[in-house]
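Reading through the structure tokens given below for one structure.
Reminder, nothing fancy here: chain letters follow the sequence lines and each chain counts from 1.
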Amino acid sequence: MIEIKLPDNSVKKYNEGVTGLEIAKSISNSLAKEVLAITVNGHLQDLTLPIEEDADVKLHKWDDQEGRHAFWHSSAHLMAEALEAIYPGIKLGIGPSIENGFYYDIDPGEHNISENNFPEIEKKMIELARQKNRFSRKEVTSEEALSRYKSEGNRYKTELLEEMENQTITFYNHGNFSDLCRGPHLPDTGYIKAVKLLNIAGAYWRGNEKNKQLTRIYGISFPKQKLLDEYLQMLEEAKKRDHRKLGRELGLFTFSEKVGPGLPLWLPKGAQLRERLENFLRNVQVEYGYQPVLTPHIGHKELYITSGHYDKYGESSFRPISTPIEGEEFMLKPMNCPHHCEIYKSSPRSYKDLPIRYAEFGTVYRYEQSGELHGLTRVRGFTQDDAHIFCRPDQLKDEFIKVIDIVFIIFNALDFSDFEIQVSLREKNGNDKYIGSDENWEKAENAILEATREKGLEVKVVYGEAAFYGPKLDFMVKDALGRNWQLGTIQVDYNLPERFDLEYTGSDNLKHRPVMIHRAPFGSMERFVAVMIEHTAGKFPLWLAPQQAVIISVSEKFNVYAKKVSNFLNNYDIRALIDDRNEKVGRKIRDNEMSRIPYLLIVGEKEESENTVSVRRQGEGDKGTMTLEQFASLIKKEVKSQIKT
RNA sequence: GCCGAUGUAGCUCAGUUGGUCAGAGCAGCUGAUUUGUAAUCAGCUGGCCGGGGGUUCGAAUCCCUCCAUCGGCUCCA
């Protein structure tokens, strides 16, 4: 007998060789039906694998990542089986599970596979799934595996095998399908009840553009049809919220082929929205001791050679522009920091001056390859809510804490309550790809960790993700649909102070090197607005909404009163316009609801005589009548509660 | 940049195998209506069918090429 300990610390005895599935069954039949994979002593494995000794185990169902991982991984195999059946001779690359579903990279050979073939493939997958073929695991020697794939002429698998040393090589088989795979897998294919192929795209073998491009097919699958339906509904919702669609419909921004791809044009309403965000941050920054600076959109090429950006952005970016007579070369700025460094250098600095915090909504230009542009989230010209803090090493922690505060002020005001924080540090076994002394790195890394600890933040620490010039702290927010976005970033930089030879005079009357912090709580205004649009589905918080209220006159007769109402509200700094079109009330309500105007105020005979408005809240319907004063104070109160820092 | 798809009025889309195929709805304009909580009615104006080249008696439709967009790959704010 062996002892199996479950996560609730209960211990049960089983015969040696008991399987996860049997353990589940011994607990309850319903659990046995739902369980998908098992972790045995920290190792995720098949439910059907015998357990030979005492172990801590955890059973995974659909509701945890490990369970879905096994499910989707098996689905990838199922898809590969279907593909091989329909397209004989294709070569398999890799087929992992991903955050939402799975994909398989294949070399289709002579076959041409497109979205049009998806229904056929899905049908085949379901047909194969219904056969409930068992997944079986088989350990083989490297030679066996190699000879098999060599005879098939599959150089992808061969390559993978050749790189695997001293590892157990396993194959997973089900039905007539067999694949090199680490597992784990479901007990059988019958678990997979619903399948949807999502898209097809080229993907370089192992992500390297020097390699051959394979065909990648993405899909998702579920243990119940209902879950697939829900997922598809969520995709529909995401489509409705797409900032590119809403940006056009709400008149926020546009693009013009003539102006150029990736160069957004902000329409009046979008510009208002963005300025409101900018001013909000400006006000916060004043409180936090930032000083605004302004710098030009271009800079001498030498500036970027000094900063090192020319190496990174020079060749792969917009070509330098040159003066007609002298032929001096200037670049569109890809970063604001070099300019800010020069501002720092414009005067001698004392340790008493530090920290110095320069803030600028600086527009930068970077060449992005044409296939990478995407609405406002990936553009060629964008504005960072940039600031650079020049401080002494001993001030790092305090400065970090202050920046974190600013980030939270913003997240609070904009209703981003779900986020992850990532600390990116050096690789553990330090190497020489990092600039700056070990001592300084350690100081900076500790400063970040202490700052986050002091703020009581839960952080994910990732080694090896730091930039070459310093460690960083990134904020990933989850939007209303649970999608992750990388927004704010705080980065320590030892590189630029070195390159620009920045100094301050210390209390010892000696020259010292300041540390620099780059930080952008929004990230970029373009991306942030895009995320805001998708997060709120265009229903911006009242304080941000370009137009807060619309006054709907029941008929022309009440336009004079409507004008009176709008004057009243405008005097209170409430952004209200009149809809005096010659339309019925129902029509005006519909149009303004669709324009996401937060408050609709209906005025007619009754309201005019009582000096009131009938209030309708966007998406919520009729709220009854109130006096103008009551309405104005309602708005004021709502705005105040939203931007409470 | 690469792979695949797409590109018809401001927007969303129809246009069968090349032969009155240049259409619809919404938006816009004009007029009527004077309206009470999610679309009032009527009329009208919009398009070199993404650009260029070719095949053909004839091209929105077939071919080539460029551009843009979309989905990915790589990278990043």
Checking all strands, does [X] fall into the base, sugar-phosphate, or nothing category for heavy-atom contacts under 4.0 angstrom?
| X | answer |
| --- | --- |
| A/T215 | nothing |
| A/E607 | base |
| A/K584 | base |
| A/G202 | base |
| A/R378 | base |
| A/V585 | sugar-phosphate |
| A/V364 | nothing |
| A/D622 | base |
| A/R617 | nothing |
| A/G586 | sugar-phosphate |

Between [N] and [M], how far apart are the two [atom1] atoms, rounded to whole Å?
| N | M | atom1 | value |
| --- | --- | --- | --- |
| B/C13 | B/G54 | C1' | 30 Å |
| B/G71 | B/A27 | P | 28 Å |
| B/G51 | B/A9 | P | 10 Å |
| B/G46 | B/G23 | C1' | 13 Å |
| B/C66 | B/G7 | C1' | 14 Å |

For the pair [X] and [Y], name the ring-plane relationship: parallel under 30°, tilted 30 to 60°, perpendicular over 60°.
| X | Y | value |
| --- | --- | --- |
| A/Y365 | A/H297 | tilted |
| A/H340 | A/H388 | perpendicular |
| A/F416 | A/F528 | perpendicular |
| A/F475 | A/F411 | perpendicular |
| A/W72 | A/F222 | perpendicular |

Please give, in whole Å, the distance from [N] [atom2] to [X] [atom1]?
| X | N | atom1 | atom2 | answer |
| --- | --- | --- | --- | --- |
| A/N117 | B/G4 | CG | C1' | 12 Å |
| A/R616 | B/G36 | CZ | P | 14 Å |
| A/D579 | B/G36 | CG | C1' | 14 Å |
| A/M594 | B/A38 | CE | C1' | 8 Å |
| A/F118 | B/A5 | CZ | C1' | 11 Å |
| A/D386 | B/C76 | CG | C1' | 15 Å |
| A/E368 | B/U69 | CD | P | 13 Å |
| A/I552 | B/A38 | CD1 | P | 10 Å |

Side-chain donor/acceptor contact of [X] with base of [N] under 3.5 Å:
| X | N | value |
| --- | --- | --- |
| A/Y367 | B/G1 | no |
| A/Q384 | B/A77 | no |
| A/R366 | B/C76 | no |

Look at the side chain of [X] and decide which nucleotide, out of [options], has an atom nearest to it.
| X | options | value |
| --- | --- | --- |
| A/P261 | B/A77, B/U69, B/G71 | B/U69 |
| A/E257 | B/U35, B/C67, B/G71 | B/C67 |
| A/N199 | B/G72, B/G36, B/U34 | B/G72 |
| A/E605 | B/C73, B/U12, B/G36 | B/G36 |
| A/R590 | B/U35, B/A77, B/A39 | B/A39 |
| A/Q369 | B/G1, B/C2, B/U37 | B/G1 |
| A/V554 | B/U34, B/G72, B/G36 | B/G36 |
| A/R587 | B/C26, B/U37, B/C76 | B/C26 |
| A/E372 | B/A77, B/U74, B/U34 | B/U74 |

Can you check whether [X] has a side-chain N or O nearer than 4.0 Å to OP1 or OP2 of [N]?
| X | N | result |
| --- | --- | --- |
| A/Y103 | B/C73 | no |
| A/R244 | B/C70 | yes |
| A/R216 | B/G4 | no |
| A/K588 | B/U37 | no |
| A/S370 | B/G1 | yes |
| A/H518 | B/A77 | no |

Starting at the 5' end of RNA chain B and moving along, which residue's nearest nucleotide shows up first, A/T625 or A/Q486?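 Final value for this comparison: A/T625.
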Quick check on RNA chain B: between A/S614 and A/F255, whose nearest nucleotide comes earlier from the 5' end?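 It is A/S614 whose nearest nucleotide is closer to the 5' end.
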With rounding to the nearest 0.5 Å, note down the distance linking CG in A/L263 to CZ in A/F255.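 If I round to the nearest 0.5 Å, the distance is 8.0 Å.
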Euclidean distance, A/R527 CZ relative to A/Q486 CD, rounded to 0.5 Å: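 Those atoms lie 7.0 Å apart.
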Please say which of A/R616, A/R617, A/K623 ends up in a side-chain hydrogen bond (donor to acceptor under 3.5 Å, both in side chains) with A/E620.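 So the option named by the test is A/K623.
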For A/D242, which of A/K245, A/K239, A/R244 qualifies under side-chain hydrogen bond (donor to acceptor under 3.5 Å, both in side chains)?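 Among A/K245, A/K239, A/R244, the one that satisfies the side-chain hydrogen bond (donor to acceptor under 3.5 Å, both in side chains) with A/D242 is A/R244.
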Counterpart base for [N], defined by Watson-Crick or G-U wobble contacts under 3.5 Å:
| N | answer |
| --- | --- |
| B/G31 | B/C41 |
| B/C2 | B/G72 |
| B/U17 | none |
| B/U12 | B/A24 |

Syn if the chi torsion is within 90° of 0, anti otherwise; quick check, which is B/G46?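 What B/G46 shows is a syn base, its glycosidic angle lying within 90° of 0.
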According to a cutoff of under 5.5 Å between the ring centres and under 30° between the ring planes, does A/Y218 stack with the base of B/G72?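 No, the aromatic ring of A/Y218 does not stack with the base.
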What I'd like to find out is whether the side chain of A/K478 reaches to under 4.5 Å of the side chain of A/R483, using heavy atoms alone.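 They are not in side-chain contact.
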